[in-house]
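Single-structure report; data block below.
No hydrogens, no waters, no symmetry mates; every other heavy atom, side chains included, goes into these values. First listed ligand is number 1; within each ligand, the first listed atom is number 1. Just so we're clear, the structure is a prediction, and the values are computed from it rather than from any experiment.
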Amino acid sequence: MESVRAARKVPLLDLRAQHEKIGDQIREALDRVVGSQQFILGPEVEALEQEIAAYCNCRFAVGVSSGTDALIASLTAVGVGPEDEVITTPFTFFATAGAVMRLGARVVFVDINERDFNIDARLIPRAVTPKTKAIIPVHLFGQAADMDPILKIGEGHGLAIIEDAAQAIGSEYRGERAGGLGLAGCFSFFPSKNLGGFGDGGLITTNDEALAQKLRIIRNQGANPKYYHKVVGGNFRLDAIQAAVLRVKLNYLEEWTERRRANAGYYSKRLLELGLTHECVMPPPIVRERHVFNQYVIRAHNRDALRNFLLENGVTTEIYYPLALHMQECLNDGRFSPGDFPVSEKAASEVLALPIYPELSLEDKEYVAALIRDFYLNEPDTIDR
Ligand SMILES: *Cc1c(COP(=O)(O)O)cnc(C)c1O
């Protein structure tokens with residue numbers, strides 16, 4: 001399709017725009033690490049741990065090599081292994097379930113609710129069995145799952161609640177920050193997360209001192225003291241270089257988060273003003289304070305055509321996630337069929353993430369919203385309505 005519009009490019013994420021403003025401070029921090037020649041754990045990692053613990057309103061934080069390893073280390077620390085079952089949602093990034101499988105345990109899925117894409121707490125009790133060891137609620141896209149009923153179920157059955165907060169740093173549930181709600185909170189510093197490093201990184205928050213101590217041992221091959229191994233851990237350590245970069249960025253996280261929230265507010269208001277009904281697009285409902293919008297995910301009628309139309313006009317979007325986990329080849333050992341988790345499957349066919357990064361300009365946002373209006377209202381050939 002030939003576009004008549006001025007060529008504007010709006011990427012899904014523009015990390016260069018972020019780096020332009022803080023490059024000097026980052027280089028200074030990197031120089032500090034290079035000068036020290038201390039590359040693994042050490043003072044930069046310890047300082048980051050303290051700063052993030054404070055940010056998340058938690059007593060302890062343990063830096064690790066990735067969000068995936070944060071999940072694996074946490075599940076290891078609470079003793080999840082073969083024969084055990086762990087409950088989570090099929091509408092999440094693969095790592096949530098992959099971490100459970102890596103430990104030889106069985107993933108038990110519970111569908112999401114229609115509203116916020118998070119696990120439907122009302123469905124959890126019927127999934128609990130004597131083998132259940134933990135529940136992993138995921139705060140998907142940056143909005144907290146409904147933690148109170150989940151914590152209650154955990155208490156009632158003696159289950160560990162491990163938050164997958166990879167997309168939700170700074171997000172809140174009834175005034176408490178993500179990561180401080182369950183027994184442990186798992187964070188990722190993958191570059192596209194709200195707090196992203198210069199590569200892979202992750203962190204676990206907890207208010208449980210014994211658990212924090214265990215996690216420090218597990219991330220370092222299970223050694224305690226050095227060269228004496230009572231448990232099998234892994235090399236789950238965080239690099240000092242990553243910690244130094246993240247410490248600079250953490251100073252800006254609140255500002256960036258507020259900009260993401262403002263961008264989200266703009267889109268949602270604009271889509272409404274443009275006369276787009278819920279039969280065309282549905283903006284993400286905000287059911288909790290505080291949604292930190294790692295992604296701004298709409299539900300869209302004729303989603304794939306809308307995505308193509310946006311791409312043809314210079315706007316990059318993404319589908320998180322196109323295939324619910326119970327339908328993934330490595331996960332479906334014959335236990336699952338299409339239709340088993342209908343709300344997740346419906347979401348997988350409707351969701352579309354729009355550019356939401358903090359540096360987005362007003363013109364960018366207006367352009368994206370106007371394109372969406374054009375797609376539904378001015379391009380009758382492209383929709384089957
Ligand atoms: C990013 C992410 C992870 C994994 O984090 P990595 O740092 O990439 O290993 C886990 N769960 C969710 C929900 C994520 O978004």
Side-chain angles (χ1 to χ4, degrees), residues 12-13 15 45 48 52 61-76 80 86-103 107 109-110 112 116-119 134-145 147 150 161-171 178-179 181-182 184-205 215 219 234-239 241-243 245-246 249 260 284 291-297 318-325 328 331 344 347-348 351 353 356-357:
L12 185 67
L13 175 66
L15 285 172
V45 172
L48 177 76
I52 295 204
V62 180
V64 292
S65 34
S66 71
T68 306
D69 292 339
L71 288 162
I72 292 176
S74 300
L75 292 167
T76 304
V80 168
V86 177
I87 294 172
T88 193
T89 129
F91 194 62
T92 175
F93 179 56
F94 174 77
T96 317
V100 175
M101 294 178 76
R102 289 286 302 274
L103 293 172
V107 183
F109 288 122
V110 166
I112 57 170
D116 62 6
F117 302 112
N118 285 326
I119 195 164
I135 305 173
I136 312 179
V138 183
H139 307 315
L140 202 67
F141 306 141
Q143 179 158 242
M147 291 299 289
I150 297 171
I161 308 299
I162 296 176
E163 298 168 65
D164 184 338
Q167 303 181 3
I169 191 160
S171 121
L181 297 156
C186 298
F187 292 90
S188 165
F189 303 130
F190 185 79
S192 70
K193 302 294 159 83
N194 284 16
L195 180 63
F198 279 13
D200 284 307
L203 179 136
I204 305 153
T205 50
L215 289 167
R219 79 170 162 188
N235 175 355
F236 299 143
R237 297 174 303 239
L238 180 63
D239 288 341
I241 292 247
Q242 298 304 337
V245 169
L246 292 163
K249 291 198 182 192
R260 283 177 182 273
H291 193 327
V292 297
F293 288 100
N294 179 238
Q295 301 297 343
Y296 180 88
V297 175
E318 187 52 276
I319 296 168
Y320 303 109
Y321 297 92
L323 186 63
L325 294 188
Q328 299 286 350
L331 257 152
S344 295
V351 289
I356 192 70
Y357 61 91

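Put simply, no part of His139 is less than 4.0 Å from ligand 1, judged by heavy atoms.
Listed by number with element, the atoms of ligand 1 under 4.0 angstrom from any heavy atom of Thr96 are 11 (N). Taking every non-hydrogen atom of Ser66 and a distance limit under 4.0 Å, the qualifying atoms of ligand 1 come out as 7 (O), 9 (O). Within the listing of ligand 1, atoms 13 (C) sit less than 4.0 angstrom from a heavy atom of Thr92. Listed by atom number, the atoms of ligand 1 under 4.0 Å from Gln167 heavy atoms are 13 (C), 14 (C), 15 (O).
Geometrically, ligand 1 and Lys193 share a nitrogen or oxygen pair separated by less than 3.5 Å. For Thr68, a nitrogen or oxygen atom sits less than 3.5 Å from a nitrogen or oxygen atom of ligand 1, counting backbone and side chain alike. Close N/O approach between Phe190 and ligand 1 is not found [any backbone or side-chain N/O within under 3.5 Å].
Using cut-offs of 30° and 60° for the angle between ring planes, the Phe91 and Phe141 rings count as perpendicular.
Only side-chain heavy atoms of Ala166 come within less than 4.0 Å of ligand 1; its backbone N, CA, C and O stay farther off.
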* Taking it one step at a time, do Ile52 and Phe187 satisfy side-chain contact (heavy atoms from CB on, under 4.5 Å)? -> CA-CA 10 Å; Ile52 295 204; Phe187 292 90; 5.6 Å; no

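Each of Leu203, Leu48, Val64 was scored for a side-chain contact (heavy atoms from CB on, under 4.5 Å) with Leu238, with one residue passing: Leu48.
Between the CG atom of Leu12 and the CD atom of Gln295 there is a distance of 6.0 Å, given to the nearest 0.5 Å. Put simply, OG on Ser188 and CG on Leu71 are 9.5 Å apart, with the number rounded to the nearest 0.5 Å. Residue Asp164 holds its CG atom at 10.0 Å from OG of Ser74, rounded to the nearest 0.5 Å.
Among Asp164, Asp69, Leu140, Ile72, the residue whose heavy atom lies closest to atom 11 (N) of ligand 1 is Asp164.
Proximity of Ile169 to Lys193: side-chain heavy atoms (C-beta onward) are nowhere separated by under 4.5 Å.
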